[in-house]
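Inspection log for the structure reproduced underneath, given as structure tokens.
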Amino acid sequence: MERYEDVVIVGGGIAGLATAVGLKRVGIRALVLERSHELRATGAALTLAPNAWRALDALGVAHKLIPLYPAFTQAYVTDLGSGKVVQTPFSGTEDGEGMGVRSVHRKALLEALAQELPPETILFSSKLAFITSKVHQDSSLAVLHLADGTIINAKVLIGCDGVHSVVAQWLGLKAPIHSGRMAVRGLAVYPQGHGFKHLVQRFLHDALNAGFVPLNSTDVYWFIIYKSSVKGDEAAKDPELIQKDVLENMAKNFPSAYLDVVQHSDLSTLTSAPLMLRFPLDLIFGPTCKENVTVAGDAMHPMTPDLGSGGCAALEDAVVLGRHIGNSFIKDGGIRSKGIKEALEGYVYERRWRAAGLITGAYISGWAQQGGSSWMAKFIRMIFYGLLFRRIIDAVKNHDCGKLPAVPSVAEEN
């Protein structure tokens, strides 16, 4: 079977669905190829700062989620070795747009995005095997060969297929590197209510970085990050063993509240995975686009979660991509090779320095927080939280990725 499409997006995660929504709002239909048989919610939850909510507002989705998840006003970071507690205020609902910092269920975000898309936009159980290219009627086409034998010819190909992106490999980007740390994440469920204050709680102990974040009155997202050279395929997969290791080994000396959260985990949400990142210089100088092909989200800029910016950056990508491709579409009256090439180059130019900065900031943040319990590590941590952390966070969350271009026909429909 062979078919032709204007835009194909590989990957139905946050970046893929958000990009499809952004393109739809400027009048462009995209086909999303998702290898799973349903929407994937790996990771359980994520925290979205005002920069992400601005992007969601541009995509027309923010209003669906903001009423469901209250904004945080405070975060507490406790050094369990020294007992020192650092309080970090959030702007909460008092920032100019009333968006603040909120943690949301990953599945709820994916569903909100998917609901904006026309039927049959997402083609599930579609695994990309390899990519070739050809010229058809003076236009460059990316030819996608799926595992089931289907061939799809795309005027535009956007890889949103995660850390181990097939599209990024085809472009020639170097593989992401292992940060030397692993993360365990999960969702705790308290059917009768957890009783925690709506605060971000973080704990540092030796080379461990952990915390928990209430999502609503019953669900609490938690994580623990530790140093390890273990690769992904060597990591523990059994959720019961993962939970037992956290409770009896890694976090055995942590506060009882944290242990109680881990104990209440929905085992189906537990994951253990290495933290990967793309070397910033590879992103700045590497081939992040070629003719009619580019990447977004983790396929472009995998980063450690120390600033909570991975999902936020993916949403920014979607709006910037939608704006550049949308402007080209409006100007040329359709998808044209020259216009698309310029649009993707404009997108990459706008995003690569921002993304490289986020990768670097997250890595430095993680290094400072998990430097150990020596006096030098404690001194660096004190300087980091006292002088740098607030400034880094402000630079991340105050960014505005802009709006999508207005298309008369789309505006009239909405």
Please report the shortest heavy-atom distance between [X] and [Y], naming the atom on each side.
X	Y	value
Met303	Ala313	CE-CB, 4.3 Å
Ser36	Glu34	N-OE2, 2.9 Å
Ala55	Cys401	CB-SG, 3.8 Å
Asp161	Ser165	OD1-OG, 2.5 Å
Gly12	Leu110	O-CD2, 4.3 Å
Cys289	Leu171	C-CD2, 3.9 Å

- Message: Once salt bridge (Lys or Arg N to Asp or Glu O under 4.0 Å) is applied, do any residues pair with Glu342, and if so which ones, sequence neighbours excluded?
- Response: none
Is the shortest distance from a Lys or Arg side-chain nitrogen in [X] or [Y] to a carboxylate oxygen in the other one below 4.0 Å?
X	Y	value
Glu345	Arg352	no
Asp317	Arg351	yes
Glu350	Arg354	no
Lys84	Asp79	no
Asp306	Arg181	yes
Lys403	Asp57	yes
Lys64	Glu116	yes

Test item: side-chain donor near acceptor, [X] and [Y], under 3.5 Å:
X	Y	result
Glu5	Asn153	no
Ser140	Ser337	no
Thr132	His145	yes

Pairs of donor and acceptor atoms involving the side chains of residues 248-261, under 3.5 Å and at least two apart or interchain, shall be tabulated with distances.
unit_1: Asn249; atom_1: ND2; unit_2: Asp245; atom_2: OD1; d: 3.1
unit_1: Tyr258; atom_1: OH; unit_2: Phe223; atom_2: O; d: 2.9
unit_1: Asp260; atom_1: OD2; unit_2: Tyr190; atom_2: OH; d: 2.7

- Item | Intermediate values then yes/no, side chain to side chain contact (heavy atoms under 4.5 Å, CB included), Asn292 and Lys341 | CA-CA 6 Å; Asn292 57 337; Lys341 181 177 183 295; over 6 Å; no
Are side-chain heavy atoms of [X] and [Y] found at a separation under 4.5 Å?
X	Y	value
Ile225	Leu208	no
Leu204	Leu80	no
Leu56	His63	no
Val167	Ile131	yes
Arg102	Ile66	yes
Ser265	Leu187	no
Leu128	Leu146	yes
Leu344	Val293	no

To the nearest 0.5 angstrom, please state how far the [atom1] atom of [X] sits from the [atom2] atom of [Y].
X	Y	atom1	atom2	result
Leu48	Cys312	CG	SG	5.0 Å
Ile224	Met182	CD1	CE	12.0 Å
Asn51	Leu315	CG	CG	8.5 Å
Ile340	Ile325	CD1	CD1	5.5 Å
Ile359	Asp282	CD1	CG	9.0 Å
Leu358	Leu283	CG	CG	10.0 Å

Check: [X] side chain, [Y] main-chain N or O, donor-acceptor pair, under 3.5 Å:
X	Y	value
Ser103	Leu215	no
Thr360	Ala356	yes
Arg185	Thr269	no
Thr150	Met1	no
Thr294	Thr288	yes

- Can you spot which of Tyr76, Trp222, Phe196 makes a ring-ring contact (aromatic ring centres under 6.0 Å, His included) with Phe212? Phe196
- Query: Given Ser272, which of Asp238, Val246, Val184 fulfils the side-chain contact (heavy atoms from CB on, under 4.5 Å) condition?
  - Reply: Val184
- Query: Considering residues, nucleotides and ligands other than Glu240, do more than 12 of their heavy atoms fall under 6.0 Å from its CD?
  - Reply: no
- Message: Counting only heavy atoms from other residues, nucleotides and ligands, does the tally under 6.0 Å from CD of Glu2 exceed 12?
- Response: yes
- Message: One pair to check against side chain to side chain contact (heavy atoms under 4.5 Å, CB included): Leu157 and Val7. What are the steps and the verdict?
- Response: CA-CA 6 Å; Leu157 171 60; Val7 181; over 6 Å; no
- Task: Tell me whether the centres of the aromatic rings in Tyr221 and His105 are closer together than 6.0 Å.
- Result: no
Review item, side-chain donor-acceptor pairs of residues 117-127, under 3.5 Å, at least two apart:
unit_1: Thr121; atom_1: OG1; unit_2: Pro118; atom_2: O; d: 2.7
unit_1: Ser126; atom_1: OG; unit_2: Leu123; atom_2: O; d: 3.0
unit_1: Ser126; atom_1: OG; unit_2: Phe124; atom_2: O; d: 3.2

